[in-house]
Colleague: 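Before anything else, here's the structure in question.
Each chain gets a letter, A, B and so on, in the order the sequences are listed, and its residues count up from 1.
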Amino acid sequence: MLESVTQSMCLSNTMVCDPLMSWTELSGTTKDDYATYSYSFWTSIHPEYWSKHNVCEWLQFCCDQYKLDANCISFSRFNINGLQLCNMTQEEFLEAAGIYGEYLYFILQNIRMHGISFFTDAEETKLSNKDCNCLLPIQDLQNSHLWEFVRDLLLSPEKNGGILEWEDRGQGIFRVVKSEALAKMWGQKKKNDRMTYEKLSRALRYYYKTGILERVDRRLVYKFGKNAHGWQENKI
DNA sequence: CTGTAGTTTCCTGGTT
DNA sequence: TAACCAGGAAACTACA
């Protein structure tokens, strides 16, 4: 993945960069400056309006936040502003971002479309560690919310164990098959061994208010609402 | 330190 | 009767 940066498709239109140039050299930002950034910063400005500086900082932010090995990314390929970044085709992006290409592209598209809400399903992102010895903390991304946990379980049959199943995949309708097991699993994630389906379902019912879930008039059946995302097939 | 979001816990009452 | 569902109320926790 360290193809020559002198290829014509290199998106830096102003300079030929040293592929090993670090993000600090490019952005002129120190780690301390960078540390002050948070999720809200990256969503407060649409990616199209990011400066070159911001693009570099965003990459470093992702590395830091998701424990990606910055050495696997050629920062010099991203010496571009936000508009150029957004105008990259997926192919160009993958080419430039190397092994984390799909992952970062995925995150960027999400910021563009939904602000800072990431999809975390390994199947959807089609990420694997086989190309690199860097470990991707896919499972532990921003899926700390209950509905995301449920969504990801639905999208990962291997983790699911028959706890949840789709009733109508296209409409986002699903059924809780093993309520007790679901509660136990959620409790495990939240390090709370007192979790029960009674309490979990109360939390699910709060989602009706926010449009994350819609009410379905059947026992143990729920439906993703207009404000839930990432559950649809072939759609980011 | 203050406010808010997202639960968690508990509860009363109704339904399957 | 057990398991669920509907929400109100209040406590709790992480984060901005």
Colleague: Using a heavy-atom cut-off of 4.0 Å to chain A, what are the terminal contacting nucleotides of DNA chain B, in 5' to 3' order?
Modeller: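 Contact span on the strand: B:dG6 to B:dT16.
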
Colleague: Looking just at side-chain N and O atoms, do A:N54 and A:S51 make a donor-acceptor pair shorter than 3.5 Å?
Modeller: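 On atom types as modelled, these side chains qualify, holding a pair under 3.5 Å.
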
Colleague: How many whole angstroms separate atom CZ of A:R202 from atom C1' of C:dA11?
Modeller: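 One finds 14 Å between C1' of C:dA11 and CZ of A:R202, rounded.
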
Colleague: Between P on C:dA6 and CZ on A:R218, what's the gap in Å once rounded to a whole number?
Modeller: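 Value for this atom pair: 13 Å.
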
Colleague: For A:L213 and C:dC5, what is the distance between atoms CG and P respectively, to the nearest whole Å?
Modeller: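 Whole-Å distance recorded here is 12 Å.
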
Colleague: Please verify the inter-ring angle class for A:H229 with A:W147; under 30° counts as parallel, over 60° as perpendicular, anything in between as tilted.
Modeller: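 Perpendicular, since the angle between the ring planes exceeds 60°.
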
Colleague: Could you tell me the separation between the CG atom of A:L204 and the P atom of C:dG7, rounded to a whole number of Å?
Modeller: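 In whole Å, C:dG7 P and A:L204 CG are 14 Å from each other.
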
Colleague: For C:dA6, does OP1 or OP2 lie under 4.0 Å from any side-chain N or O of A:R215?
Modeller: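 A:R215 to C:dA6 OP1/OP2: side-chain N or O found under 4.0 Å.
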
Colleague: When the nearest nucleotide of DNA chain B is assigned to A:T210 and to A:R194 on a heavy-atom basis, which residue is associated with the more 5' position?
Modeller: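 The residue mapped nearer the 5' terminus is A:T210.
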
Colleague: Base, sugar-phosphate alone, or nothing: which one does A:T196 contact when heavy atoms must sit under 4.0 Å apart?
Modeller: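 Contact class for A:T196: none.
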
Colleague: If the test is side-chain contact (heavy atoms from CB on, under 4.5 Å), which one of A:L164, A:V150, A:L200, A:I163 qualifies with A:M185?
Modeller: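 Among A:L164, A:V150, A:L200, A:I163, the one meeting side-chain contact (heavy atoms from CB on, under 4.5 Å) with A:M185 is A:I163.
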
Colleague: Over how many whole Å does the gap from A:N192 atom CG to C:dC12 atom C1' extend?
Modeller: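 Those two atoms, CG and C1', are 11 Å apart.
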
Colleague: Using whole Å, what does the distance between atom P of nucleotide C:dT13 and atom CE of A:M195 come to?
Modeller: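 Taking atom P of C:dT13 as the reference, CE of A:M195 is at 13 Å.
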
Colleague: Answer yes or no: does a side-chain N or O of A:Y206 lie under 4.0 Å from OP1 or OP2 of C:dA6?
Modeller: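 False: A:Y206 side-chain N/O out of range (4.0 Å or more) of C:dA6 OP1/OP2.
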
Colleague: Might you point out which heavy atoms bring A:W186 and A:S144 nearest each other, and give the distance in Å?
Modeller: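 Shortest heavy-atom separation between A:W186 and A:S144 comes out as CH2-O, 3.4 Å.
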
Colleague: Round to the nearest Å and state the distance from A:Y208 atom OH to C:dG8 atom P.
Modeller: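 Rounding to the nearest Å, OH of A:Y208 and P of C:dG8 are 14 Å apart.
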
Colleague: Please give, in whole Å, the distance from C:dA6 P to A:E214 CD?
Modeller: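 Checked: the CD to P distance equals 14 Å.
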
Colleague: Select from A:R219 and A:K199 the residue whose nearest nucleotide in DNA chain B is closer to the 5' end of that strand.
Modeller: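 By nearest-heavy-atom nucleotide position, the 5'-most residue is A:K199.
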
Colleague: Determine the contact category for A:L220: base if any of its heavy atoms lies under 4.0 Å from a base atom, sugar-phosphate if only primed atoms, P, OP1 or OP2 are that close, otherwise nothing.
Modeller: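 Since only primed, P, OP1 and OP2 atoms lie under 4.0 Å of A:L220, the category is sugar-phosphate.
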
Colleague: Quick one: is the NZ or CZ of A:R202 closer than 6.0 Å to the six-membered ring centre of A:Y206, and within 45° of its axis?
Modeller: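 The answer is yes; both the distance and angle limits are met.
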
Colleague: According to the interplanar angle, ranging from 0 to 90°, do the rings of A:F174 and A:F224 count as parallel (below 30°), tilted (30 to 60°) or perpendicular (above 60°)?
Modeller: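 The rings of A:F174 and A:F224 sit tilted, inter-plane angle from 30° to 60°.
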
Colleague: On DNA chain C, check which nucleotide each of A:S179 and A:K209 is closest to and give me the residue with the more 5' one.
Modeller: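 The residue mapped nearer the 5' terminus is A:S179.
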
Colleague: Find the distance between CG (A:D152) and NZ (A:K189) and round it off to the nearest 0.5 Å.
Modeller: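 Separation between the atoms: 8.5 Å.
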
